[in-house]
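Contents: one structure, followed by commentary.
Hydrogens, waters and symmetry mates play no part in the numbers below; they use all other heavy atoms, side chains included. Chain letters run A, B, ... following the sequence lines, proteins first and then strands; every chain starts at 1.
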Amino acid sequence: MTQTFWTYRPLPLFQAPEIHTNLLWDLGILFGSISLAYFGFIFLMRNRLSARKAAVRQHKRELAPMISNFLFYDPETEAEGREAYITMKIEIRELLKNPFNRRILSEVLMDLKTDVSGSARVKLLRLYRDLGLHQDAYTKLKSWRWERVSQGIRELTEMEVEKAYTLIRPFVNDKRGVIRKQAQLATVSLREEGLSFFMDTARYSISEWQQIKLLEILRQREDYNPPRFRDWLTSENRDVVLFALRLIRHYNQNDAEPAIIRLLQHRNTMVKMAAAECIRDFRFKAARDPLKVIFRKSGEALKLLILEALSSIGDAHDLPILQQISEQDGNFVVRSKARSVMNTLVPGSALPVAGIDPLEPVAPQENPKEEPQVLQTFQGQTEINELEVQAEEIPATEGFNLKPTPSAPEDNGLPELSEQGAHIPMDDWDEALFDFCLKQELRAIMTQAGPSEEDPGDDIAFIPYIVEDEPEEETSLQSDREPALIEVDYQVVVPETGNPSEGYHHETRTSSAFDLSFIPLVTEDSAEMAGSHQASEPRWSRQATDFEIQEAETLVPAFGLTGEPEDETSFSEPIKTEYFTAQPEKTAPNQEGTFCIFSEFIREYDTESKLILLSEIPAVGGPKEAAFLRGLLEDQDARIREKAAAVLEELNGAQVGPEETKPARGLQLRNFGRFRLWRPKKERTHE
Amino acid sequence: MNSGAFDILLEYINIVFLVFTLVLFLLFTAMGYLSSRSSIHYRNKNSVGDISRIMASPLSPSITIIAPAYNEGLTIVENIRSLLSLHYVNYEVMVVNDGSKDDTLQKMIDAYDLQRVEREIDPQWRSKPIRGVYKSRQRSFSKLTVVDKENGGKSDALNTGIQLSESKYVGCIDVDCLLLPDALLHVVKAFYQRSRKRVIAVGGVIRVANSCRIDGGVLEEIRLPKNWLARFQLLEYTRSFLLGRMAWGRIDSLLIISGAFGFFDREIAMEIGGYDTGTVGEDMEIVFRMRRYMHERDLPYTVEYIPDPLCWTEVPEDLKILVNQRDRWSRGNLETLFRHKDMFFNPKFGRLGMLSYPYWFFYEWLAPILEFLGFFSILLFAYLGILNWSFFLAITVMVYAFAIMFSFYAVLWDVWSYNQYTRTKDILILLFCALIEPFTFHPIVVWSAVRGNYKKLFKINSGWGSQVRKGFAKA
């Protein structure tokens, strides 16, 4: 071909590199040759595999009767039989000179081992050793190939060669994973103390699969006396701790409560879950608060476990947090579980909310003297996490929004009171429906209380109106410390009469069925409510003071005050329990006996937590905290005493108003932790 | 343009094709090496120990097998029976009837004595409405849960199952698949054998069950398919699962888990929102997203691959159904690659971005298109008389020889690993398939891929298509 100037001259730089076609042909031939080789290998391999398979089958066929004779040989047999036995023994010794036969015989014995039991099994294991086959396994332990070593270990384990324990033990921390795992199984399998050795020395991680296999070995062991696995809860190897927890649970060793509860704080989720499972199964009640603390940052699986644990160790006091979870958790399954747990703890405490059609509205009561007017509603909010000490005055006509602000250090994670929230008026039918239902329940209570009890009739205006199926039993004092996340809408019930006592005071019946003393009565100063109760034991008394009753006329908590009732059973059937005390105890407001919410928290926590809580008191504390702090001045712990003194000093310095100033009755809405209390509108207008 | 420049252009085209081919050869050779290493290691590692012992361990995790069913009335009862006979204690079979138009649901109700039960369903969960959840009145079928829902496609049905499941792991399978009795034990082992990495998904080999003898949901005898299309697919599956995925699994870069046999960590699957219902390549897409989820959070994780033949399925024996299936696969491939295009040569994703994704882009998506265009270019060049015949013949022979070599190698490893086709005739047929595949089966696959891409690029509406099953009972 003629090459012109214009063909190549201007484009020398763009000249494509030459492709050596011959090279392509060569590669093609090479690949073709390899293909042919593969073709040959395929059939060669098939033939070899088939031949080996046939040989193994043949040898097994020859050896199996011999082994059977060995296993079922009776020493009492006659001379002819003994002679045959000896001949066979010689024969088998001859056979075992061939390594292939030895391997086959080992395989046969290992296969047979799974099929026989009792004395035959013992004989089989003895035969394995008598024939010296375990020596082959020992040889394998010295191999540089990991698969041979692991095979040797497995063989010795399967054939229960106990003497191999010391030989295998060094492999427990071998850097080659397969050998290590096989050695771990062998160690645990061959001797009872093997597990302790393994748990003490394990440096590498132990996979879940390995743990399953180890547990399976232990389960199959007869007359096994397990060690106290709590000893390994302090191991630095996370997987040892995890395995120990699982073994503790499996063997029901419930003697490690503090350590298990402590492990709830472990960084690893698996450990936390294993600890939660133990707590659930062993019903460690002391774990309630730690469980709640770790709940928020947990994944779905752990949350479900925590809820399960709470269902077995919790009580009515856990309802608020469960209510919060059931309403606010992002995971549907967790929400459902929370409702389920609520109903487990207090049947009927969680009612269906989805797909519920409203009932036909009932005409509202027209008696202004007895019927409170509902102005505002609480919606959705039932959780009480912490009590806030300072009160705020709220204009009567404004709604409130308790939407939490990002946790600022100074407010201790508590929600700030917002007065700009949406005001949600209650529909008439809601009010009427509530009244209707309440009356029905009151009648039922009266019926149960006996014919002599006074018919409540329509005198139910003192009862707070709560929407969202809020159960009465949630008016408990809750010492939960979960940070605020929830928004509270609420309603204020206001009697139409100018005299609030007409709406409330006359409800102080002598009947125990109407003892409302379990409802915490909250005023500006909690000391007045607490009466004679000790600050360190802030329990709500069934015996309400005069002031409590007086307050009950004007200020009734909407729901979920934190605290512990003296009698938990009163919370399980809230409507049927007493409403007001029959003989109210006359107790003057006593600063020394005031109730302080911090006491509830501090009572249950360790020193470090106490110190942290104490440091929060100056920011939110008041007179009742001063009384409480004075009590702490005699604490056994010097650090607590010092801290209490310092805080007390700070608190006294910060207080502007005198403690003895009793707040005037009227509208005073307190942000008590994360919930609000309401007062009648009239009361508020008085102020 | 003068002829010299045109010649240079043609030569560069040749070089591009040659480089493309040689890189592919290198990758395939590397795959062969890695898969061989992996197979040997797997075999040695698993030659010791008996996994059946742990089937009832109290530590064994719970697994839900989710099997979407759409118009499966012919085979559903038998298939469920097979799923209920697996060797494992802590598992549930959840059949999701995806709005079947035939009597699938009724057959299940009748055969398993089902009754409707109440089950809370997350109203926020995105899937088609559930009509009812059914459980059997008989204790022997207590592991079975049937969910009846409106039709929303396979992904939607799987999502419903994932949402309703309460197990730690969920297995997404095709209801017509046959699982071997020990399948779940292998899956649990794969999930649990790592201690430092979280295993987020486990995939396995799919074997061809056409013509095999199956009795009562149990694989009784393995036979080579009688249908030639099925035989070609058997060879293709052997190559793909035994060499390709094994190799990607070895370097922890597996980007696809077959929809017929895939198990997932339910927590992660829920975190990413389950399957994407907007793609037909949902099995690949979910692995992409799960991997990305873990990668972006810098969490140690892996995707495991089980080479044991645990799942057996019917492959299409009809050309039209085969083309539809491959068309769908290529659309799914394109959709997934496009959706995750930011991973392309993105070092942030490590091997996934630098190796796995580019491989899928060039050799799974682009290669069929180039082949198709190349074929017509050859015809055109031959017609124009500018075809470099020596180069063309040399490279064709080389590619052909390599293709055969690779297929033979796959058969060799299959024989070494499992040796399931015991008759010599079967092996010879399989090798013969390898010889003629480049001229017979491969063009069909290329054509299907091009059609899928064409449909996707020009937005021609096309869904899943349908596959008429003969059913194992009648195979």
Interface moiety of [X] toward chain B, non-hydrogen atoms closer than 4.5 Å:
X         : answer
Ile29(A)  : neither
Tyr204(A) : neither
Arg335(A) : side chain
Glu158(A) : side chain
His250(A) : side chain
Leu215(A) : side chain
Leu27(A)  : both

Counting only heavy atoms closer than 4.5 Å, note whether [X] contacts chain A via side chain, backbone, both or neither.
X         : value
Val399(B) : neither
Leu185(B) : backbone
Leu412(B) : both
Ala403(B) : neither
Thr422(B) : backbone
Phe25(B)  : side chain

Out of [options], return the one with the most heavy atom pairs under 4.5 angstrom to chain B.
options                                   : answer
Ser336(A), Gly299(A), Ala301(A), Gly32(A) : Ser336(A)
Ser33(A), Ser35(A), Ala37(A)              : Ser35(A)
Arg46(A), Met270(A), Glu216(A)            : Arg46(A)

**Neighbours of chain B found in residues 236-248 of chain A - heavy atoms under 4.5 Å** =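 Residues in range: Arg238(A), Asp239(A), Arg246(A).
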**Asked** Hey, does the Lys NZ or Arg CZ of Arg297(B) hover above the aromatic six-ring of Tyr293(B), less than 6.0 Å from the centre and inside 45° of the axis?
**Response**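 Yes, cation above the ring, under 6.0 Å and within 45°.
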**Salt bridge Arg43(B)-Glu147(A), side-chain N to carboxylate O under 4.0 Å** =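 Looking at Glu147(A) together with Arg43(B), the answer is no, because their closest N to O distance does not fall below 4.0 Å.
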**Message:** With a 3.5 Å distance limit and no angle check, can you tell me whether Gln253(A) reaches the backbone of Phe229(A) through a side-chain donor-acceptor pair?
**Reply:**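 The answer is yes, because a donor-acceptor pair under 3.5 Å joins these two groups.
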**Message:** I'd like to know if the side chain of Asn47(A) reaches the main chain of Phe43(A), judged simply by a donor and an acceptor atom lying under 3.5 Å from each other, with no hydrogens or angles considered.
**Reply:**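 Here the side-chain-to-backbone pair exists.
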So which of [options] has the largest heavy-atom pair count under 4.5 angstrom toward chain A?
options                                    : value
Arg194(B), Gln193(B), Arg196(B), Glu267(B) : Arg196(B)
Tyr409(B), Trp413(B), Tyr400(B)            : Tyr409(B)
Arg266(B), Met270(B), Met398(B)            : Met398(B)

Would you be so kind as to tabulate the donor-acceptor pairs closer than 3.5 Å made by side chains of residues 387-396 of chain B, with sequence neighbours excluded?
| residue | atom | partner | partner atom | Å |
| --- | --- | --- | --- | --- |
| Asn388(B) | OD1 | Ser390(B) | OG | 3.0 |
| Asn388(B) | OD1 | Phe391(B) | N | 3.3 |
| Thr396(B) | OG1 | Phe392(B) | O | 2.6 |

Distance (rounded to the nearest 0.5 Å) between [X] [atom1] and [Y] [atom2]:
X         : Y         : atom1 : atom2 : result
Leu302(A) : Lys272(A) : CG    : NZ    : 6.5 Å
Ser189(A) : Ile168(A) : OG    : CD1   : 9.0 Å
Ile206(A) : Lys213(A) : CD1   : NZ    : 13.0 Å
Arg219(A) : Ile54(B)  : CZ    : CD1   : 10.5 Å
Arg423(B) : Ile429(B) : CZ    : CD1   : 7.0 Å
Arg176(A) : Gln182(A) : CZ    : CD    : 13.0 Å

**Prompt:** Does a donor on one side chain and an acceptor on the other come within less than 3.5 Å for Ser407(B) and Arg239(B)?
**Reply:**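 Note: Ser407(B) and Arg239(B) side chains meet the donor-acceptor criterion.
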**Item:** Taking every non-hydrogen atom, the tightest pair across Gly28(A) and Ala401(B)
**Value:**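 Heavy atoms only, the tightest pair is O-CB, 3.3 Å.
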**Prompt:** Going by the angle between their ring planes, with limits at 30° and 60°, are Phe406(B) and Phe402(B) parallel, tilted or perpendicular?
**Reply:**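 If you compare the ring of Phe406(B) with that of Phe402(B), the planes turn out parallel.
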**Message:** Tell me if the aromatic rings of Phe263(B) and Phe191(B) count as close, with their centers under 6.0 Å from one another.
**Reply:**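 Centroid distance Phe263(B)-Phe191(B): not below 6.0 Å, so no.
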